[in-house]
Number of protein chains: 2
Amino acid sequence: MLSNTAYVILGLLQKCPLSGYDIKSHVDISTSFFFSASYGQIYPELKRLEKKGLVEGTELATGRRTRTEYAITAAGQAAFDDWLAQPSAGIELRDEGLLKFFFGGGLDRDALLDKLAKLRAARAADLARVHEVGEDLPEIADELQREVLDYGIGLYEYVIGWCDQMTKRLAARPETDFPVDPNPCAKGD
Amino acid sequence: MLSNTAYVILGLLQKCPLSGYDIKSHVDISTSFFFSASYGQIYPELKRLEKKGLVEGTELATGRRTRTEYAITAAGQAAFDDWLAQPSAGIELRDEGLLKFFFGGGLDRDALLDKLAKLRAARAADLARVHEVGEDLPEIADELQREVLDYGIGLYEYVIGWCDQMTKRLAARPETDFPVDPNPCAKGD
DNA sequence: GGCATCATGTAACATGTTACATGATTTT
DNA sequence: AAAATCATGTAACATGTTACATGATGCC
């Protein structure tokens, strides 16, 4: 019944109470490579969860500033445990860079090499970010979470390796030798 | 200005005119692992693109049934080429199975092993689908598209390998030996 | 004083899924 | 004759992003 965002929130609150702001920070650093969320989702979702009795907010005043910390309730924990036991949906991947490469048949070799270089650089930046998370923030990760982080590292390394391989293959061929399908609209034989 | 869905449509139409139904089939088999689209997006988007003069629809009558084939226009090709030259957005990944694993700290070893087995099976099914596309439909793929398919194959193989590794590691340990963070809410040291 | 960060939220917009409705044609 | 596939579409809903608004606190 709840959105995935709701379950991520509940999942994070299992460890300790957090504010909406905290949740966003945690999502950005620890789950961002396989799940992201924006303030526009988090704050309204916290209100909804509170209305349903799955979390409980406490207003804390630090001087004049208010900070609302949400804690998971027993009902919330039960809802989370139930979700955890359900089968998972498939993965969803959206990769605009790969899409452009996929449709890049009309580009010349140099343009393709340029695309590959940018793709590689973007993934290398992603990889660096995951590494940073793993090194600078050991406290956020329990053992499983660290394994998931390693999954992310391996994933990006694979993608970067693919980019390098493709670059080599493309660079090795003569500049204008590019295949154009002679009869793209033929149906079958 | 256009949505990614619009560009995917234009990209597919570069080769030859297609109906909305055809476009959905093509997306399902050739780009589904890094970009998907539903009828609910495709049909309205075709109408919008036609209104903008980027595609042109022709009604064909096969007996009593009508089929509208859309062809890309010069303006459409220009818009597509322009998009191709722009820098790409980052990748977006959503993986519910991984999310559950990430938050699975409270589960016992057997439950985790079960999650892993299901995760692996799902990815193996995905991999099989990509293989099928590559073998059964050689005509859809130009050279670059085949490379992208290989990227997908490698990606799923990596994920499956990770599942196997995790499974071995988990299976090797005594059943109840699981770390519970003694003081999860501590800030810093 | 100025900048970064902490902190909370909303409204408009964009995107995308699902279920439903309808019916023809082709294959088994 | 039944089942699969071809074919088109919409409406309701769910999800998610972006830009904006507001202001406190802590650090250099």
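We name chains A, B, ... by the order of the sequence lines, and we start the count at 1 in each one.
- Annotation: side chain of B:Y151 is not in contact with side chain of B:Y156 (no heavy-atom distance under 4.5 Å).
- The phosphate of C:dA7 (OP1 or OP2) has a side-chain N or O of A:R67 nearer than 4.0 angstrom.
- In this structure, B:K24 places its NZ atom 15 Å from P of D:dT5, rounding to the nearest Å.
- We find that B:D28 and B:K24 are joined by a salt bridge, their nearest charged nitrogen and carboxylate oxygen being less than 4.0 Å apart.
- Here A:S3 does not reach the OP1 or OP2 of D:dA14: none of its side-chain N or O atoms lies under 4.0 Å away.
- In this structure, CG of A:L60 is placed 16 Å from P of C:dC6, rounded to the nearest angstrom.
- Rounded to whole Å, atom P of D:dG16 lies 11 Å from atom CZ of A:R48.
- Note on A:S38: a base of the nucleic acid sits closer than 4.0 angstrom, heavy atoms only.
- Taking 4.0 angstrom as the limit, B:T5 places a side-chain polar atom (N or O) nearer than this to OP1 or OP2 of C:dG16.
- Between the P atom of C:dT22 and the CZ atom of B:R64 lies a distance of 18 Å, rounded to the nearest Å.
- Remark: P of C:dT10 and CG of A:L46 are 12 Å apart, rounded to the nearest angstrom.
- Rounding to whole angstrom units, OH of residue A:Y43 and C1' of D:dT22 are separated by 13 Å.
- With salt bridges taken as basic N to acidic carboxylate O contacts below 4.0 Å, none links A:R120 and A:E157.
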Can you give the donor-acceptor pairs under 3.5 Å from side chains of residues 90-100 of chain B to other protein atoms, not counting sequence neighbours?
residue, atom, partner, partner atom, Å
B:R94, NH2, A:S36, O, 2.7
B:D95, OD1, B:G97, N, 3.2
B:D95, OD1, B:L98, N, 3.0
B:E96, OE1, A:N4, ND2, 3.4
B:E96, OE2, A:A89, N, 3.4
B:E96, OE2, B:K100, NZ, 3.4
B:K100, NZ, A:W83, O, 3.0
B:K100, NZ, A:Q86, O, 2.9
B:K100, NZ, A:P87, O, 3.4

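- Regarding A:L18, its CG atom lies at a distance of 11 Å from the P atom of C:dT8, rounded to whole Å.
- Residue order along DNA chain D, read from the 5' end via each residue's closest nucleotide, puts B:Y70 first among A:M1 and B:Y70.
- As judged by a 4.0 angstrom heavy-atom cut-off over every strand, A:R65 is placed among the base-contacting residues.
- Between A:E45 and A:R48, at least one side-chain N (NZ, or NE/NH1/NH2) sits under 4.0 Å from a carboxylate O, which counts as a salt bridge.
- The distance between atom CD1 of B:I23 and atom P of D:dC6, rounded to the nearest whole Å, is 15 Å.
- Within 4.0 Å of B:K47, counting heavy atoms only, lie sugar-phosphate atoms of the nucleic acid but no base atom.
- For the pair B:Q41 and C:dT17, the criterion of a side-chain N or O lying under 4.0 Å from OP1 or OP2 is met.
- Applying the 4.0 Å criterion to OP1 and OP2 of D:dC6, one finds that B:Y21 has a side-chain N or O inside that range.
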